Each structure stands twice: as C-alpha cells, then as structure tokens.
There are 2 protein chains.
Amino acid sequence: MDNLIKILQSRNIHPSYQRLKILEILEKNKDHMNVNMIFEELLKEIPTISKTTVYSTLSTFAAKGLVHCLTITPEEMKYDYRAKPHHHFLCTRCGAIIDIDVQCPYADTMEIDGHSIEDIQGYFKGTCRECLTHNKTQTLK
Amino acid sequence: MDNLIKILQSRNIHPSYQRLKILEILEKNKDHMNVNMIFEELLKEIPTISKTTVYSTLSTFAAKGLVHCLTITPEEMKYDYRAKPHHHFLCTRCGAIIDIDVQCPYADTMEIDGHSIEDIQGYFKGTCRECLTHNKTQTLK
DNA sequence: TTTCAATTTTGTATTAAATATTATTTTATA
DNA sequence: TATAAAATAATATTTAATACAAAATTGAAA
C-alpha cells in the first residue's frame with residue numbers, strides 16, 4: 001500500500017483512498033479492464049463508490065500517464081496498466097485481448113513525418129492461437 | 001457508377017441505390033468518415049434515408065472487407081475506404097486524423113505469436129506537424 | 001405478368017458508455 | 001477553528017449503436 005502511495009505521489013496525484021483502491025485493482029488485474037469491471041471490484045470494498053469517481057480517476061491516471069487508454073473495441077474504453085509498451089491482439093471469435101510483446105520502430109524517436117508522438121497503439125485483429133487449435137466456430141459480430 | 005456496381009458485385013453485395021450512394025460518398029471523401037458525416041451527405045440526395053440503413057450498410061461493407069473500421073477515437077466509429085494499408089496519426093490538439101504511409105512488418109505473414117491476423121491498425125497519438133509549427137495552445141481533452 | 005419469399009430499407013424504441021452538473025464530503029492551510 | 005480547494009457522490013443528460021418491427025423493394029418461379 002505504501003508502494004501505491006509513492007506511485008501516485010511521483011505523478012503528482014493525491015493518494016486518496018478511492019484512487020489507491022483503483023490503482024490496487026489495476027495492479028492486480030493489470031490489463032484491459034473497463035470501467036464496469038473496476039467499478040464492480042470496488043463495490044466489494046467501497047460500497048458507496050460512485051461510477052463518476054471511477055471515470056474521473058481513470059481520466060486523471062491517463063492524463064498523468066499512469067494508464068493507457070485502449071480503443072481496440074468500439075463499445076467501451078479499456079485501461080492498460082502495464083509499464084512496458086506493447087501491442088494488442090483482439091480475437092474476433094472469443095473476444096480475448098492478448099498482449100503482444102513487440103515494439104514499434106518509431107518508439108525510439110517518438111516522431112513520424114514531423115508529427116510528435118506521445119502514444120503508440122498497435123491493434124491486431126483476427127483469430128487467436130487458442131481458437132485456431134480448438135477450431136471454435138462461434139464468431140463475434 | 002457502373003464502376004461502383006462492379007465493386008459491390010465483386011464482393012457479393014447487392015448494389016442497391018442506397019449502397020451505391022454510400023460507396024460513392026466513401027470514394028469521394030476517402031477516409032475517416034463517421035456515420036453522421038455519411039448520413040448528412042446522403043440526406044442531400046436521398047431525403048428519406050434512414051440512419052439504420054447507414055449503420056447496416058457500413059456493417060455489411062466492413063464484413064466484406066470493403067471498408068476498415070477505425071476506433072482511433074472512443075466517441076464513434078470511423079470508416080476508412082482507402083485500399084492501401086496504412087496507419088493513422090491523431091492530433092490531440094486539433095483533432096486531425098492523418099494517414100501514415102508505413103506498413104506493419106507482420107502484414108507479410110499475417111501471423112503473430114501463432115495468432116492469425118485479419119486486420120492491422122496502428123494508431124499514433126500526439127501533436128501533428130501543423131500544430132507544432134503554429135505552436136497552437138488549445139489541447140483536446 | 002402474377003405471386004410469393006427473401007432481401008433491403010425505414011421508423012421507432014431501447015441500451016449503455018460517457019459526460020455534465022450540482023451537491024456533499026473530505027482535505028489542506030491560514 | 002474557519003475557510004477555500006479538492007475530491008467524491010448522486011442525478012440528469014447526451015448520444016453512438018443496437019434491437020425490433022413494419023413497410024417497401026427485389027428476384028425468381030409458376
């Protein structure tokens with residue numbers, strides 16, 4: 001917990017109880033959580049938590065570079081906590097989002113065609129290894 | 001127009017008047033249109049057009065690989081008609097979406113970590129060249 | 001051509017993520 | 001302790017997208 005406080009303070013985010021709990025949940029689950037997943041987890045420990053707080057906290061975390069916002073699916077935003085930059089694979093059969101450990105060549109200079117890069121996101125979509133081997137038939141929209 | 005009919009037929013899409021008009025709009029404007037932009041354009045020629053038709057048509061086009069669905073911003077889906085694969089840069093100051101003509105190395109094999117790739121999307125986010133030189137201050141959320 | 005089924009389009013209602021707004025609570029500080 | 005600022009909570013609103021049902025159109029067979 002002391003560690004979490006330091007993480008927030010290092011980013012100039014006031015370590016409130018709610019923010020610490022949200023960070024704890026992100027630490028534990030790492031990746032691809034959406035607001036509802038985080039909200040449901042929070043309810044177990046803070047029954048009075050408001051969804052607005054979750055939205056505003058994640059917005060703060062994103063602004064301070066603590067989380068990455070994933071738009072890999074159009075339905076809702078997903079939040080990525082992992083430190084190391086990576087890409088994502090979305091399986092259109094089972095819906096799984098899988099971390100892909102490759103780095104973009106432009107991550108070195110953070111510049112492309114004269115544009116200054118602050119964030120890089122690589123999305124692969126298709127059929128995951130698991131679904132390929134199990135030859136599953138059901139396909140998401 | 002005859003050309004558009006052939007494009008649809010080659011993908012096994014029945015060339016209805018509405019579909020042809022939507023394809024025509026995509027041809028003309030090429031990239032990054034959202035449903036509302038297409039809908040507004042359509043209204044000029046088909047005053048009775050329904051937004052449901054736009055959604056269903058774009059969904060059909062996407063399923064047949066005629067358009068690419070962009071989730072670069074979380075607000076709404078954008079549709080990409082350009083044939084050649086490319087990435088996108090989103091300027092967080094002016095909101096512009098700029099085509100980036102680089103190709104992903106995994107586009108050759110369309111395979112990564114044993115997962116079968118059907119679609120690749122690379123999103124760069126930051127400050128575009130234009131905004132950098134004009135030193136604009138306003139920043140989008 | 002007529003009939004009938006399948007497809008497409010339209011209109012309406014609904015869902016749900018995200019934001020806006022305001023009130024309440026908590027925290028920091030003078 | 002008093003007061004202002006920050007954070008949280010509760011409610012209302014917005015809007016992209018979907019669901020559903022009705023109407024219109026199309027295509028094929030008789």
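Predicted model only: the values in this text are computed from it and were never measured. Throughout, protein chains are lettered first and strands after them, A, B, ... in sequence-line order, and every chain is numbered starting at 1.
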Residues of residues 7-29 of chain B with any non-hydrogen atom less than 4.0 angstrom from an atom of DNA chain D: list those, numerically ordered, please.
-> B:His14
Show me, pair by pair, the donor-acceptor contacts under 3.5 angstrom made by side chains of residues 22-29 of chain A, not counting sequence neighbours?
| from | atom 1 | to | atom 2 | distance (Å) |
| --- | --- | --- | --- | --- |
| A:Glu24 | OE1 | A:Lys21 | NZ | 3.1 |
| A:Glu27 | OE2 | A:Tyr81 | OH | 3.2 |
| A:Asn29 | ND2 | A:Ile25 | O | 2.8 |

Mind listing the closest non-hydrogen atom pair of A:Thr133 and A:Glu130 along with its distance?
-> OG1-O, 2.9 Å
Give me the residues of residues 40-50 of chain B where at least one heavy atom lies under 4.0 Å from an atom of DNA chain D, by number, or none.
-> none
Selection from D:dT18, C:dA20, C:dG11 that lies nearest to any side-chain heavy atom of A:Thr52 = C:dA20
What is the minimum heavy-atom distance between A:Arg11 and A:Gly65, and which atoms define it?
-> NH1-O, 3.3 Å
Nearest heavy-atom neighbours spanning B:Glu45 and B:Tyr17 | O-OH, 4.4 Å
Selection residues 104-125 of chain B - residue pairs positive for ring-ring contact (aromatic ring centres under 6.0 Å, His included), sequence neighbours left out | A:Phe89-B:His115, A:Tyr106-B:Phe124, A:Tyr123-B:Tyr123, A:Phe124-B:Tyr106
Polar atoms only, N or O, under 3.5 Å: list the protein pairs with nucleotides 22-25 of chain D and their distances.
none

Atom CD of B:Glu76 and atom C1' of D:dT18 are separated, to the nearest Å, by 16 Å
Between C:dT10, D:dT8, D:dA16, which one does the side chain of B:Asn36 approach most closely?
-> D:dA16
Note, A:Val54 side chain near A:Gln18 side chain (heavy atom, < 4.5 Å) = no
Show the atom names and distances, to 0.1 Å, of all donor-acceptor pairs under 3.5 Å that link a side chain in residues 94-102 of chain A to residues at least two apart or in another chain.
| from | atom 1 | to | atom 2 | distance (Å) |
| --- | --- | --- | --- | --- |
| A:Asp99 | OD1 | A:His32 | NE2 | 2.9 |
| A:Asp99 | OD1 | A:His86 | NE2 | 3.2 |
| A:Asp99 | OD1 | A:His88 | NE2 | 3.3 |
| A:Asp101 | OD1 | A:Arg82 | NH2 | 3.2 |

